[in-house]
Amino acid sequence: MIVKKLLVTGSSGLIGSEVVTAFSGDGWKVHGVDNNMRADFFGPQGDTRWNLQRLKENHPAFQHHELDIRNRAAVLDLLKELKPEAIIHTAAQPSHDLAASRPFDDFDVNAVGTLNMLEAARQACPESPFVHTSTNKVYGDAPNEIKLKELAKRWDYDDPAYQAGIAETFRIDQSKHSVFGASKVAADIMVQEYGRYFGMPTCCLRGGCLTGPNHCGVELHGFLSFLIKCNLEERTYKIFGYKGKQVRDNIHSYDVVQFMRRFIEAPRQGEVYNLGGGRENSISILESFDLISEISGKPMKFEYVEQNRQGDHICYISNLAKMKAHYPGWTITKGLKITFSEIYESWLTRAAK
Ligand SMILES: NC(=O)c1ccc[n+]([C@@H]2O[C@H](COP(=O)([O-])OP(=O)(O)OC[C@H]3O[C@@H](n4cnc5c(N)ncnc54)[C@H](O)[C@@H]3O)[C@@H](O)[C@H]2O)c1
């Protein structure tokens, strides 16, 4: 039997590690690329080595490559050597707040690192599906122009056109993106271009809030994971603006990977999908406080800061219709309560070690 090879970048991170688990389970030979740069970005709280260790223990065939995707020569060599049958690119500087203090690193990792991966793939294995994790920040803060209504604990769209959420046709320019959003736009467009111009089977998954038990949530990235950790440790969570009613749609990393699987089985060229939890998995910060308190039995301690984060969305809900139309059968399987509970349990387990 021929064993297929998958290359996943950012393999020690939230999404990358879920990819390793899923594809190893399916019998693929999985190669991961990660240099633990999350610890460099976010300090010890962002260290992903515990996750790498967990992957090595659970999947003995998994092969880790301690490699920086900014190292163009090394990326070209690795792809030439492996010629993987599929590539999932999740390595990134993922925080829009952090990007402002390190614009060169942000752009070098997010934009140039993605180009390195694309060109290496084109030279080594242009037929292999290439899945890129983009972000809803490519829309900048333009979603804030949608008419909103204020409810008791959340904002919501007050425009029937957006009842099902924001679709992929939403405009991406002429709004404030944050430095991070801009570097991700560059990567997103390049991934589409390698699909359209070179005919490669690429796609961009424009993530809402991707979450799950294996996230190392920190204040600057991984909102739900960090919020739940604060509740567990009885620490004060800071709300930045919008009365704490800002809404995010959350998708469990398991459901993210189920979609990636389907794309790899039946790839298309230069596609774009808004990948979030949709309306059913949307929740505001205040509503999140209620849900986690219900699970943990602990009240949430918080402090309100008037100033919102630059370029932050007030209400963001992904429209999942295109994903479901292109890949019938794919759907969200993990609702908010189970996702919250899994994240909570994971922090408990990590704290006990
Ligand atoms: N988590 C979310 O809410 C969310 C939302 C939208 C989009 N995304 C996107 O999804 C992708 C994955 O996000 P995540 O939450 O799993 O992030 P993560 O930080 O948990 O994982 C990213 C991994 O990439 C590694 N990495 C960073 N720079 C690297 C480099 N130069 N070379 C090699 N490895 C490097 C990090 O060490 C980390 O393990 C990113 O592209 C992110 O922008 C995430």
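Residue indices begin at 1 and follow the sequence shown. Counting starts at 1 for both ligands and their atoms, following the listed order.
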Is the contact between D34 and ligand 1 made by the side chain, the backbone, both, or neither, using heavy atoms and a 4.0 Å cut-off?
both
Any side-chain to backbone donor/acceptor pair from [X] onto [Y]? Under 3.5 Å, distance only.
| X | Y | answer |
| --- | --- | --- |
| Y327 | A266 | yes |
| N274 | I166 | yes |
| T135 | R206 | no |
| S178 | G181 | yes |
| H132 | V191 | no |
| N110 | Q93 | yes |
| N231 | K298 | yes |

For ligand 1, is there an N or O atom under 3.5 Å from any N or O atom of G10?
no
Report yes or no: does a heavy atom of [X] sit under 4.0 Å from some atom of ligand 1?
| X | result |
| --- | --- |
| H215 | yes |
| N51 | no |
| S12 | yes |

Ligand 1 atoms in contact with [X] (distance to a heavy atom under 4.0 Å):
| X | answer |
| --- | --- |
| T90 | 11 (C), 12 (C), 22 (C), 40 (C), 41 (O) |
| G207 | 6 (C) |
| L67 | 32 (N), 33 (C) |
| N36 | 37 (O) |

For [atom], find the nearest protein heavy atom and state the residue, atom name and distance (0.1 Å precision).
| atom | value |
| --- | --- |
| atom 19 (O) of ligand 1 | R38 NH1, 2.7 Å |
| atom 4 (C) of ligand 1 | L210 CG, 3.5 Å |
| atom 20 (O) of ligand 1 | L14 N, 3.0 Å |
| atom 35 (C) of ligand 1 | N35 OD1, 3.2 Å |
| atom 43 (O) of ligand 1 | K184 NZ, 3.0 Å |
| atom 31 (N) of ligand 1 | D68 OD1, 2.9 Å |
| atom 27 (C) of ligand 1 | A92 O, 3.3 Å |
| atom 28 (N) of ligand 1 | M37 CB, 3.4 Å |

Are V272 and V185 connected in the hydrophobic side-chain network, where two residues link if heavy atoms are under 4.5 Å apart?
no
Same cluster or not: are I338 and Y344 linked, directly or through other Ile, Leu, Val, Met, Phe, Trp or Tyr residues, by side-chain heavy atoms under 4.5 angstrom apart?
no
Looking only at non-hydrogen atoms, which of [options] approaches [atom] most closely?
| atom | options | value |
| --- | --- | --- |
| atom 16 (O) of ligand 1 | T114, I15, T9, V8 | I15 |
| atom 7 (C) of ligand 1 | P94, S95, S134 | S134 |
| atom 5 (C) of ligand 1 | G276, G208, C209 | G208 |
| atom 17 (O) of ligand 1 | R206, H221, H89 | H221 |
| atom 32 (N) of ligand 1 | I69, V256, L52 | I69 |

Between [X] and [Y], is the ring centroid distance below 6.0 Å?
| X | Y | result |
| --- | --- | --- |
| F289 | F302 | yes |
| H221 | H215 | yes |
| H313 | Y316 | yes |

Does a donor on one side chain sit under 3.5 Å from an acceptor on the other, for R154 and S282?
yes
